[in-house]
Amino acid sequence: MDFSKVLIQWYLQNDRDLPWRKTKNPYFVWLSEIILQQTRVAQGTPYYLTFVKEFPTVFELAEASETHVLKLWQGLGYYSRARNLHFAAKQVVNDFGGVFPNSYDKIIQLKGVGDYTASAISSICFKEPHAVVDGNVYRVLARYFNMGTAINSSKGIKEFKALAQELIDPTQPGTSNQAIMEFGALHCKPQNPLCDTCPLSESCLALKHKTIKELPFKEKKLKIKKRYFNYLVLNGEQGNTILTERKGKGIWQGLFEFPLIESDDLIDAKTIVNTKEFKQLFSKRASLSLFNEKEIIHKLSHQHLYTKFWIVEDEEVVKSDILWNKIEQYPVPILISNFIRSFSTKTD
DNA sequence: AAGGCGGGGTA
DNA sequence: TACCCAGCCTT
């Protein structure tokens with residue numbers, strides 16, 4: 001039995017019961033694929049259920065506000081996915097007449113859809129023989145064929161895609177694609193793969209050459225940057241505070257946060273009070289107190305945020321129209337969400 | 001071709 | 001701590 005046949009056989013006996021597998025509606029499959037990009041099934045599943053319920057068709061999603069979409073996405077990370085999802089819903093309505101595109105070439109025109117996602121949707125929903133190559137596929141192929149090519153090099157990307165394309169079962173591309181991914185997720189795992197009970201162990205070259213632990217190979221590691229965030233949290237007498245929306249490039253675009261002063265290093269209250277930003281927002285009689293003695297280190301995949309929350313009391317503050325009891329309407333990063341929870345707990 | 005983009009699970 | 005997760009976009 002050849003490679004794909006073995007995996008499909010394994011898949012039919014071991015597949016998980018996941019909500020998006022109950023449908024071939026491309027809108028739902030698309031939702032699941034975007035949500036699951038760089039995201040574990042366990043983390044993404046509740047978000048999928050929320051989105052399906054809130055936006056039963058692409059029309060509801062297209063007509064929603066971006067803030068609403070981001071609010072439902074809050075906590076899932078990689079927020080450009082949510083903005084692109086919303087944009088793509090409008091593409092489906094405006095460019096495709098509200099009918100979800102039915103081929104790889106059309107699907108990949110949607111914002112936020114690359115080769116992987118277009119291959120997944122077109123194979124699962126429309127039986128087009130496009131092989132998916134996600135993190136699971138890289139791992140399974142690198143090990144089974146003992147391939148040392150870096151999976152994050154342009155050479156590796158082409159090589160693995162071509163190999164996956166050769167191996168796919170063209171008579172059932174959707175099942176074939178899901179089989180190799182599910183096998184990578186559950187059996188040929190990153191750490192401690194289950195080689196003892198592997199249906200491919202007889203012919204797995206990495207197992208034979210004892211290179212399982214080295215594969216798949218990835219080039220270099222990214223360097224983590226340190227940043228220092230000082231949030232100015234107005235604790236207004238009228239139950240009011242200030243939030244601002246992050247715009248432009250960088251992290252958390254479209255999400256809300258308290259007024260932020262970023263510095264090159266840890267700074268004290270006196271330094272903050274003397275900044276232009278602080279003087280613009282608050283009066284001279286404003287008082288400042290540190291909420292967290294030890295800075296909170298919020299870790300993103302590419303930067304560490306050393307964060308202090310400063311509580312500001314100011315009777316004469318001018319621009320403050322956000323009410324604490326409405327603050328949950330705004331999409332905020334987890335860092336801010338965690339603070340709001342501990343702050344409101346403390347002041348209750 | 002390289003860098004940016006979250007948050008959480010696992011060992 | 002280090003790695004990785006149903007990747008994509010911008011420069």
Side-chain angles (χ1 to χ4, degrees), chain A residues 11 15-16 18-21 29-48 70 73-85 87-88 107-121 123-124 130-140 150-158 160-161 164 174 177-186 188-193 213-225 227 246 248-255 297-305 331-338:
Chain A
Y11 177 69
D15 66 316
R16 289 168 288 185
L18 303 174
W20 46 88
R21 288 193 178 146
V29 172
W30 167 66
L31 274 181
S32 74
E33 291 298 343
I34 302 298
I35 286 170
L36 291 172
Q37 286 169 6
Q38 293 291 286
T39 304
R40 291 169 194 283
V41 165
Q43 189 187 4
T45 299
Y47 287 83
Y48 172 80
L70 282 169
W73 200 272
Q74 178 177 308
L76 196 54
Y78 283 146
Y79 296 93
S80 64
R81 288 183 295 168
R83 297 193 303 274
N84 291 339
L85 182 82
F87 186 95
I107 295 168
I108 204 169
Q109 294 173 27
L110 298 176
K111 195 92 167 169
V113 172
D115 175 72
Y116 163 77
T117 304
S119 297
I121 300 171
S123 65
I124 293 170
H130 292 278
V132 295
V133 184
D134 72 336
N136 295 307
V137 176
Y138 280 122
R139 186 169 53 256
V140 173
I151 62 172
N152 57 344
S153 66
S154 54
K155 180 166 179 280
I157 292 170
K158 287 179 197 163
F160 281 89
K161 174 76 183 185
N177 276 335
Q178 295 191 78
I180 189 171
M181 290 193 285
E182 190 81 335
F183 181 74
L186 300 182
C188 194
K189 300 182 293 178
Q191 283 107 14
N192 304 330
K213 285 183 70 178
E214 333 294 324
L215 297 172
F217 174 70
K218 223 174 200 173
E219 255 166 7
K220 61 182 95 159
K221 303 154 189 173
L222 69 146
K223 192 168 74 179
I224 306 252
K225 288 178 189 162
R227 300 175 71 179
R246 285 188 74 97
K249 296 170 186 170
I251 58 173
W252 301 334
Q253 193 185 130
L255 275 65
I297 306 175
H298 186 71
K299 294 177 178 177
L300 308 182
S301 54
H302 44 288
Q303 44 189 287
H304 288 181
L305 311 178
V332 297
I334 286 297
L335 172 64
I336 301 295
S337 166
N338 288 344

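A, B, ... follow the sequence lines: proteins, then strands. Residue 1 opens every chain.
- Annotation: of the two residues near DNA chain B, A/Ser153 and A/Arg227, the 5′-most nearest-nucleotide partner is A/Ser153.
- At the heavy-atom level, A/Lys225 lies under 4.0 Å from the strands shown only through sugar-phosphate atoms.
- Nucleotide B/dC5 holds its C1' atom 17 Å from the CD atom of A/Gln74, rounded to whole Å.
- Here the side chain of A/Arg139 pairs a donor or acceptor atom with the backbone of A/Gly184 at under 3.5 angstrom.
- One atom, CG of A/Leu305, and another, P of B/dG4, lie 14 Å apart when rounded to the nearest Å.
- The residue A/Trp30 sits apart from the nucleic acid: no heavy atom pair falls under 4.0 Å.
- In this entry the distance linking CD of A/Glu219 with C1' of B/dA1 reads 10 Å, nearest Å.
- Each of A/Leu36, A/Ile35, A/Leu31 was scored for a side-chain contact (heavy atoms from CB on, under 4.5 Å) with A/Trp20, with one residue passing: A/Leu36.
- The same atom, P, is picked in B/dG6 and in C/dT11; the two are 16 Å apart, to the nearest Å.
- When atom types are taken as modelled, the side chain of A/Arg21 and the backbone of A/Asp15 share no donor-acceptor pair closer than 3.5 angstrom.
- Distance CD1 (A/Ile108) to P (C/dG7): 15 Å, rounded to an integer number of Å.
- When rounded to the nearest whole Å, the span between CD1 of A/Ile35 and P of C/dC5 equals 19 Å.
- Distance, A/Asn84 CG to B/dG4 P: 19 Å, rounded to whole Å.
- A/Gln253 places a side-chain N or O within 3.5 Å of a backbone atom of A/Gly248 that can act as its donor or acceptor partner.
- Between C/dA6 and B/dC5, the distance separating the two P atoms is 23 Å to the nearest Å.
- Between the side chains of A/Tyr79 and A/Gln74, not a single donor N or O lies within less than 3.5 Å of an accepting N or O.
- Rounding to whole angstrom units, CD1 of residue A/Ile157 and C1' of B/dA2 are separated by 11 Å.
- Contacts of residues 111-119 of chain A with DNA chain B (heavy atom under 4.0 Å): none.
- Under the 3.5 Å distance criterion, the side-chain polar atoms of A/Glu182 are matched with a main-chain donor or acceptor of A/Arg16.
- Remark: C1' of B/dG4 and CG of A/Asn152 are 15 Å apart, rounded to the nearest angstrom.
- Of the two residues near DNA chain C, A/Arg21 and A/Lys249, the one whose nearest nucleotide lies more 5' is A/Arg21.
- Comparing the same atom, C1', in B/dG7 and in C/dT10 gives a spacing of 22 Å after rounding to whole Å.
- Of the possible donor and acceptor atoms, none in the side chain of A/Arg227 sits under 3.5 Å from a partner among the backbone N and O of A/His304.
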Checklist outcome for this item: Scoring nucleotides 6-11 of chain B by protein non-hydrogen atoms under 4.0 Å (B base, S sugar-phosphate only, - none) yields BBBB-S
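- Listed by chain and residue number, nothing satisfies the ring-ring contact (aromatic ring centres under 6.0 Å, His included) test with A/Tyr11 (two or more places apart in sequence, or in another chain).
- A donor-acceptor distance shorter than 3.5 angstrom exists from the side chain of A/Arg81 to the backbone of A/Gln37, with no hydrogens or angles considered.
- No close placement of the A/Trp73 and A/Tyr47 rings is indicated, their centers lying 6.0 Å or farther apart.
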